[in-house]
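Note that this is a predicted model, so its numbers are computed, not measured.
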Amino acid sequence: MEYTQLGRTGLKVSRLVLGTMNFGPQTDEATSHAIMDAALDAGLNFFDTANVYGWAENKGRTEEIVGSWFAKGGGRRDRTVIATKVYGNMAGAGEAWPNHDKLSAVNIRRAVEGSLRRLGTDHIDLYQFHHVDRATPFEEIWQAVDVLIQQGKILYAGSSNFPGYKIAQANEIAARRGSLGLVSEQCLYNLFERRAEMEVLPAAQEYGLGVIPWSPLHGGLLGGVLKKEAVGGRRTEGRAAATLADPAARAQLQAYEDLLDKHGLAPGETALAWLLTRPGVTGPIVGPRTPEQLAGALRALEVKLGEELLAALDEIFPGPGPSPEAFAW
């Protein structure tokens, strides 16, 4: 396993991040535990979750599954860098009430206590804001975070789905307070969806944030979807299905799969390996539903992409180019 620093911090994390979103909704507790054991055995030490995972009537269930895995002992908690998130409403059906969501100091305090209880731990290594909260000033957010850091309940703060200007605003206000500020940004970023290169990645690099891409296979589209479709594999849904209905996007994906066939490379592993070549990227989030899928993701660490292949991938999936030249002279 390869390790890197998380942004400008001294924290060392694996170059792949284990995403747990499927634990509970699609993967039962026993299989989820087996996946986490396999990940830790492989040296993968960075696990990502969120308080709302489990969804609908089971919000918090994913954190509970991670917590029951920690409770098995064997050094599991000490060896794991655990990241979770705050923003979504955690009230149950019929219990919705003001101040049960977003990033007010009231909700941050409530949400941290809930996550600590479900995870069965006394601290969260990386506490991430799941979305921007336009109604709460960063002065209030950082005041709440600083108290939690002083109490030892969280160690670092990160963002998720933030635009570049909010990353800058958050860290400028943190600096004025003498706070560490954001140390990571978790964003949608992959070969197919490269808009983060326009503003988010430059802001993250400027302010020393590690970038943690989510949906590295773009909902499975970069995992050899056309070949799987041809042999009757798992059907795509939602955004992925809508993308496949676009002839231009379908042509891009066909060119991608043909290129990798020519080089004898697996599409999913290549998409992950490409992200590992991107400046500022700490590691992409992989969300396996089975131990076999985890094994496939781990193979991406062994894939080395040459300059000729990287250039060919850029031709198929061109990025926006440097900012501001991409939209100015």
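Under 4.0 Å is where a charged nitrogen must lie from a carboxylate oxygen, and between Arg195 and Glu193 at least one such pair does. Residues Glu64 and Arg61 are paired through a salt bridge, judged by an N-O separation under 4.0 Å between the basic side chain and the carboxylate. We find that Glu257 and Lys227 are not joined by a salt bridge, their nearest charged nitrogen and carboxylate oxygen being 4.0 Å or further apart. The pair Arg194-Asp314 counts as a salt bridge, with a side-chain nitrogen and a carboxylate oxygen less than 4.0 angstrom apart. Salt bridge annotation for Glu229-Arg250: present, with a cationic side-chain nitrogen under 4.0 angstrom from a carboxylate oxygen.
Checking side-chain atoms of Asp48 against main-chain N and O of Gly19 turns up no donor-acceptor pair under 3.5 Å. Here the side chain of Thr27 pairs no donor or acceptor atom with the backbone of Ser32 at under 3.5 angstrom. In this structure, the side chain of Gln5 does not engage the main chain of Lys12 through any donor-acceptor pair within 3.5 Å. Distance alone, capped at 3.5 Å, is enough to place a donor-acceptor pair between the Ser104 side chain and the Asn107 backbone.
Between His130 and Tyr53, the ring-plane angle classifies as perpendicular under the 30° and 60° cut-offs. Taking the six-membered ring where the residue is Trp, His218 and Phe192 present parallel rings, their angle staying beneath 30° rather than reaching 60°.
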*Starting from the C-alpha separation in whole Å, work towards a yes-or-no answer on side-chain contact (heavy atoms from CB on, under 4.5 Å) for Leu313 and Trp274.*
CA-CA 9 Å; Leu313 290 170; Trp274 178 83; 4.0 Å; yes
*Would you check, one step at a time, whether the test side-chain contact (heavy atoms from CB on, under 4.5 Å) holds for Leu209 with Val183?*
CA-CA 4 Å; Leu209 279 66; Val183 303; 5.7 Å; no
*asked:* Determine whether Asn51 and Ser115 satisfy the following criterion, side-chain hydrogen bond (donor to acceptor under 3.5 Å, both in side chains), listing intermediate values before the conclusion.
replied: CA-CA 6 Å; Asn51 59 353; Ser115 287; 4.9 Å; no
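Under the 4.5 Å side-chain criterion, counting only non-hydrogen atoms from C-beta, Val211 is not in contact with Thr282.
Cluster annotation: Val132 and Val200 are assigned to the same hydrophobic cluster (Ile/Leu/Val/Met/Phe/Trp/Tyr, side-chain heavy-atom contacts under 4.5 Å, transitive). The hydrophobic clustering, which links ILVMFWY residues whose side-chain heavy atoms are closer than 4.5 Å, places Leu6 and Ile82 apart.
Separation of the Phe129 and Tyr87 ring centroids does not fall under the 6.0 Å cut-off. Annotation: Trp69 is not in aromatic contact with Phe23 [ring centroid separation under 6.0 Å not met].
For the residue pair Glu29 and Ser68, a side-chain donor N or O sits within less than 3.5 Å of a side-chain acceptor on the partner. No side-chain donor-acceptor contact under 3.5 Å links Thr80 and Asn45.
Here the options are Arg77, Lys153, Gln151, the test is side-chain hydrogen bond (donor to acceptor under 3.5 Å, both in side chains), and the partner is His123; only Arg77 passes.
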